[in-house]
Amino acid sequence: MTEVISTIPVSRLRQHLKTFLSVYNFAKRLKTLNGLTVFEFINQKWTSEPQRFRLHPNHLIPGPNI
């Protein structure tokens, strides 16, 4: 097993670690939003407190024409 790991370039391992930590941190953030996705949470807040927003959140989401 150590022979296989030693043949992988350090840059690839760093990229893998960076990707893993990004995914882990993103999933952790979703837990604090009571299981909602970020989009669902923002839409929920828009519905309950529209005065906090200057623009409708749907106008800020990239569409298929990007």
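- A distance of 12.0 Å separates CD1 in Ile42 from OG1 in Thr47, rounded to the nearest 0.5 Å.
- For the atom pair CD (Gln51) and CD (Glu49), the distance works out to 6.0 Å, reported to the nearest 0.5 Å.
- Shown here is His16, whose NE2 atom has no more than 12 heavy atoms of other residues, nucleotides or ligands within 6.0 Å.
- In this structure, the side chains of Phe53 and Lys45 come closer than 4.5 Å at one or more pairs of heavy atoms.
- In this structure, CD in Gln15 is found 10.5 Å from CZ in Arg12, a value given to the nearest 0.5 Å.
- Once rounded to the nearest 0.5 Å, the distance linking CD of Gln44 with CG of Asn34 reads 8.0 Å.
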